[in-house]
Colleague: 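A single structure is presented below for examination.
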Amino acid sequence: MLNSRPTHNGALAGLYIGGHWQSGGDSLRVINPATEELLASVAGGDARAVEQAVRAASDAFPAWGRSAGVERGACLRRIAAGVEGRRERLIQLQSRNSGKPLSEATIDIDDVIATFSYYAELAEALDAQQDAAVELPSREFAARLRREPCGVVGLIVPWNFPMVTTAWKLAPALAAGCTVVLKPSEVTPLPELELADIIAESGLPAGVFNLVCGSGLAVGGPLAADPGVAKLSFTGSNAVGVQVMQRAAETVKGVSLELGGKSSLLVFADADLDLAVELACGGGFFNAGQMCSATSRVLVADELAEEFLVRLQARAEAIRVGDPLVPGVEMGALVNLAQYQRVYQHIAEGLEAGARLLTGGERPAGLPCGYFLRPTVFTDVPLDSALWREEIFGPVLCVRRFSSEAQAIELANDSEFGLVASVVSGDARLAERVANALQAGLVWINAPQVIFPQAAWGGYKQSSIGRELGPWGLQAFQEIKHVIRAL
Ligand code: NAD
């Protein structure tokens, strides 16, 4: 299915280091979650491979870091064009590896193209901005500002949006002039292997981009600890994010973290009910709810609650769950058995805690294999239950009522996370006021979860450290240098 490259005992080579494909030792079994069949084996790496990749990236850094922004921009454009050229194939691959419907995989791949194109533009603009004069309150000194790349950066990404989370880090890192060691998720390495193949064809100088597939322990840990890595950008769970930060602290590396969420959709009394139901389903069931930005808490004004629940139940039950490769399927499979069991566990604990199951909570009829789950809605969820407080990462919505604007805001903000929020209201002033009061990095008003490379991604509290996308995503990979000269 993938382009040919050296194989090791029938496994795909899982290392791309210094411009060459290599086979590692450990074999990762990559499963199609919709069929539970083996898709491929990938020969991944270990601490030695990480060391080798960091060395290759260090060797490539002086030239790449000094190259003109316009040259780096041209490379990013070639990568964007390469992704565009393999768009259909990548959509299929993404869908097969992660179980998401083709329609969602299409959004992912288009986002990847847009991200590389956007950072190409930013890279091209850098040359004119370099050495800009800085105004000082003195006639005796002159100053100029330089933005220089951090050095070798380690990028560690999860399985829920494999190519997207990679593009959000890789494109700005390359634009800034950093060289890179990327570690994809061991669950979904196939899209990134294909991306590496595109990069190999793009003419990027050898060693600028390196890829080491493998488990978190074998590859992620050594990458986080490697003294040759100047900065780590991590997307994943909070538990692992903390470990990565601890390893990074040993050599005082910069870290950017994109972690979990427990976000809310707030439906006010004057909301358009059909829109509210669509947005609740989108925020809860897109990617089978395996989104850091899932609005898994739905807060509804008392006045609307009854009618809203009737329509939400009907819409949730009408969602077409099934083979993600079949056009028209709206929800695919969860990514693997571990995640499937984890979500079931949350459902069982929610029932024990006294939450009321409105719909779902079981395997859909007619799908005997694959990690499928019916869209699930709970009401009366206790505020202290894990279902209400923890990230579920599955197609599970928890609905609660509110009686005032203040109560809605309080319920939404009562979380250790603060990634995103959605507001549904016919009153523009109320919606803007509520958006300002919510502790979240991104708030949508009467809108689905649209994402633009120009707008920042990241959250408050334990959801993030730093911001991705926009100029902030680029700055995360830059050092600031002032040069002050006596006149
Ligand atoms: P995870 O934390 O298990 O793994 C993420 C990555 O870290 C993987 O590549 C994994 O191999 C690696 N890893 C595991 N242990 C490691 C270690 N000890 N040292 C270094 N690396 C290690 O997360 P996941 O299950 O792949 O993804 C789901 C999580 O990602 C969810 O919590 C979700 O909220 C989060 N996420 C956040 C965002 C965001 O933008 N905030 C986006 C997507 C996913």
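Each residue takes its place number in the sequence, starting with 1. In listed order, ligands and their atoms are each counted from 1. These numbers come from the heavy atoms of this one structure, side chains and all, not from hydrogens, waters or symmetry mates.
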Colleague: Listing request: all salt bridge (Lys or Arg N to Asp or Glu O under 4.0 Å) pairs with a residue in residues 276-286, at least two apart in sequence or in separate chains.
Modeller: E278-R315

Colleague: Atom CZ of residue position R29 - does it have more than 12 heavy atoms of other residues, nucleotides or ligands inside 6.0 Å?
Modeller: no

Colleague: Okay, side chain of T295, backbone of L265: is any donor-acceptor separation there less than 3.5 Å?
Modeller: no

Colleague: Listed by chain and number, what are the side chain to side chain contact (heavy atoms under 4.5 Å, CB included) partners of L259, not counting sequence neighbours?
Modeller: F234, N238, L257

Colleague: Would the distance check show the side chain of K262 and the main-chain N or O of G418 forming a donor-acceptor pair, the cut-off being under 3.5 Å?
Modeller: no

Colleague: Just grab all the ring pair (Phe, Tyr, Trp, His ring centres under 6.0 Å) pairs involving residues 153-190, residues at least two apart or on different chains.
Modeller: W159-F393, W168-W457

Colleague: What does the list of residues with a heavy atom under 4.0 Å from ligand 1 look like, ordered by chain and number?
Modeller: I156, V157, P158, W159, N160, K183, P184, S185, E186, G216, G220, G221, F234, T235, G236, S237, V240, Q243, V244, E258, L259, G260, C292, E391, F393, L419, W457

